[in-house]
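Below: the structure, in structure tokens.
Just so you know, ligand 1 is whichever comes first in the structure, and atom 1 is the first atom listed for that ligand.
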Amino acid sequence: MEKFIIEGGNSLNGTVEISGAKNAALPVLIATILAPGVHTIRNVPNLRDTRTTKKLLEIIGAKVTFENNIMQIDTTNCDNPVAPYDLVKTMRASFYVLGPLLGRYGTATVSLPGGCAWGPRPVDIHLSAMEALGAKVDLASGNIVATVDKLVGTEFEMRFPSVGATGNMLMAAVLAEGTTIIKNAAKEPEISCLVDFLNETGAKISGKGTAELTIEGVNELHPVDFSIIPDRIEAGTFLIAAAITQGEITLKNVEPDHLGKVLEILEQVGAEIQIRQNEIRLKQENRPKSINAVAEVYPGFPTDLQPQLIALLSVAKGNSRVIDTVYNDRFKHVPELVRLGAKIAMDDNMAVISGVKQLAGGPVMCPDIRAGAALVLAALVAEGTSVVDRIYHIDRGYENFEENLTNLGGTIRRSD
Ligand code: EPU
């Protein structure tokens, strides 16, 4: 298994080009199933998860090429409406095929995702959304088997504004008969990116970026040339990398509007931030200040940056508290950070962090993508050598992570 060997202590300075957003790319790539023909999707990050999505599309019957961050997908013949366990177990987002397959073929067999690294992560909202559109949903041999003659528009209120269930329902509803209204829908920029993609293919969706999405069903969609939005989580990770090492960084190809709360929190921590069109510059001159923060649905502080924020606050002056309201149990990074000398106590879904002046390097293990990124950031500021194991998690979500960190002045190398 590959590991990162990291020598801590250098401040990170320089420029990073931000990639396309993983969590916007995955549903858009899958949504191409809805519109038969050849799509060109640009700014697709070259990650384990996008390569897994390519495999999934190929199993379903699409012809796919992936070069220079451009995925070309021919969805003319997608006649195997199946997402097998082997793929779903490595990437839960495979579950996104449920809506488009039901929309185009009226049938889908999708392996039921198990728990994830930090908890159960149920899919009940996805399933009740499909049922609300008229599908019959059964469980057979670990697979969700959904069938319908024709999906029919409906009004559906999400009990929680789930990103995945909103995306799945949108993709199912675009080819349904009549109008669908999704209430308490997710407002994340990745969902707005999916709405833009679907509307370009000929769908009729209004309410983008709000909690109420209205979808007027259409008979058919056509292929398009589309570009994925920048990755706000990759951007936030590099901003925190500069803040934790008291460096100065410029991010290029970012969408500052998607990072409002993140920039606000980093300013509270003491960072100086400048924004210019698609660029963000951050400079952190002193030890971070302690703060209290809550990870919430968008436009709140993202749960996908909660582990990196906890790493940052572990070296802050004073005591901080971080609550996660999206995933109550996403704290697998905490015991690993404690191995590096962080002082963190858990109280339910709240981490209570007593900042220490200096972390000390050591061996740690990545429990998942963002927790892994947080451990790398902690190792970059810790004194001495750290070995960060199980970095295949990080490879799911960060393109050229160690190259980017090396260019910024970090000492990090990959080893078997
Ligand atoms: N939930 C349910 N039932 C459902 C669906 C969700 O109870 O049917 C709960 C979840 O357990 C969780 C909350 O609702 O407590 C939010 O989950 P959501 O469905 O919004 O998350 P997701 O769609 O499974 C996406 C991202 C995650 C990110 C979350 C929250 C993708 C592929 N994944 O997951 O990204 O943390 O939204 O913003 O878009 C990551 O990139 O590291 C990652 C985990």
Side-chain angles (χ1 to χ4, degrees), residues 19-31 45 47-50 52-53 56 87-88 90-99 110 112-132 137 144 156-171 182 184-194 211 228-229 231-237 258 261-262 295-308 323-333 349 366-374 393-399:
S19 311
K22 167 180 85 78
N23 290 345
L26 302 182
V28 165
L29 296 173
I30 289 172
L47 304 169
R48 258 187 57 193
D49 275 11
T50 48
T52 304
T53 304
L56 179 60
L87 290 190
V88 179
T90 57
M91 189 186 74
R92 298 175 59 84
S94 311
F95 206 69
Y96 266 133
V97 298
L98 183 63
V110 182
L112 182 64
C116 84
W118 64 79
R121 285 182 83 183
V123 287
D124 57 302
I125 309 175
H126 299 243
L127 301 183
S128 36
M130 297 306 135
E131 283 172 337
V137 176
I144 293 296
F156 182 79
E157 176 152 359
M158 305 247 162
R159 70 166 171 78
F160 184 92
S162 155
V163 174
T166 301
N168 237 333
M169 190 165 195
L170 270 173
M171 292 189 274
I182 310 179
N184 199 24
K187 294 183 282 199
E188 271 65 6
E190 292 74 21
I191 291 294
S192 297
C193 181
L194 177 63
I228 300 295
I229 56 169
D231 196 316
R232 64 193 170 105
I233 306 302
E234 185 194 26
T237 302
H258 294 168
K261 192 68 191 180
V262 175
E296 290 170 298
V297 297
Y298 191 80
F301 187 85
T303 173
D304 288 345
L305 288 173
Q306 174 265 101
Q308 300 89 317
I323 295 176
D324 196 321
T325 62
V326 180
Y327 295 112
N328 290 330
D329 37 16
R330 188 184 202 171
F331 291 100
K332 285 272 163 43
H333 41 289
N349 65 340
C366 300
D368 63 79
I369 312 178
R370 311 303 174 186
H393 286 295
I394 296 177
D395 292 336
R396 291 186 52 195
Y398 293 90
E399 188 172 359

Partners of Pro367 by side-chain contact (heavy atoms from CB on, under 4.5 Å), sequence neighbours excluded?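 With sequence neighbours excluded, Pro367 shows a side-chain contact (heavy atoms from CB on, under 4.5 Å) to Lys332, Ala371, Leu375, given in chain and number order.
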
Of all the heavy-atom pairs spanning Tyr96 and Asn168, show the shortest one and how long it is.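 Tyr96 and Asn168 have their closest heavy atoms at O-OD1, 3.2 Å.
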
Could you work out, with salt bridge (charged side-chain N to carboxylate O under 4.0 Å, His left out) as the rule, every residue matching Arg330, not counting sequence neighbours? Asp304

Among residues at least two apart in sequence or on other chains, which ones pass salt bridge (charged side-chain N to carboxylate O under 4.0 Å, His left out) with Lys261? Glu264

Check: Asn23/Glu190 side-chain N/O donor and acceptor closer than 3.5 Å: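 Asn23 vs Glu190: no donor-acceptor pair found between side chains.
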
Is the shortest distance from a Lys or Arg side-chain nitrogen in Lys22 or Glu399 to a carboxylate oxygen in the other one below 4.0 Å? no

Under a strict 4.0 Å criterion on non-hydrogen atoms, which protein residues are in contact with ligand 1? Lys22, Asn23, Ala93, Trp118, Arg121, Pro122, Val123, Asp124, Ile125, His126, Arg159, Phe160, Ser162, Val163, Gly164, Thr303, Asp304, Val326, Tyr327, Arg330, Ile369, Arg370

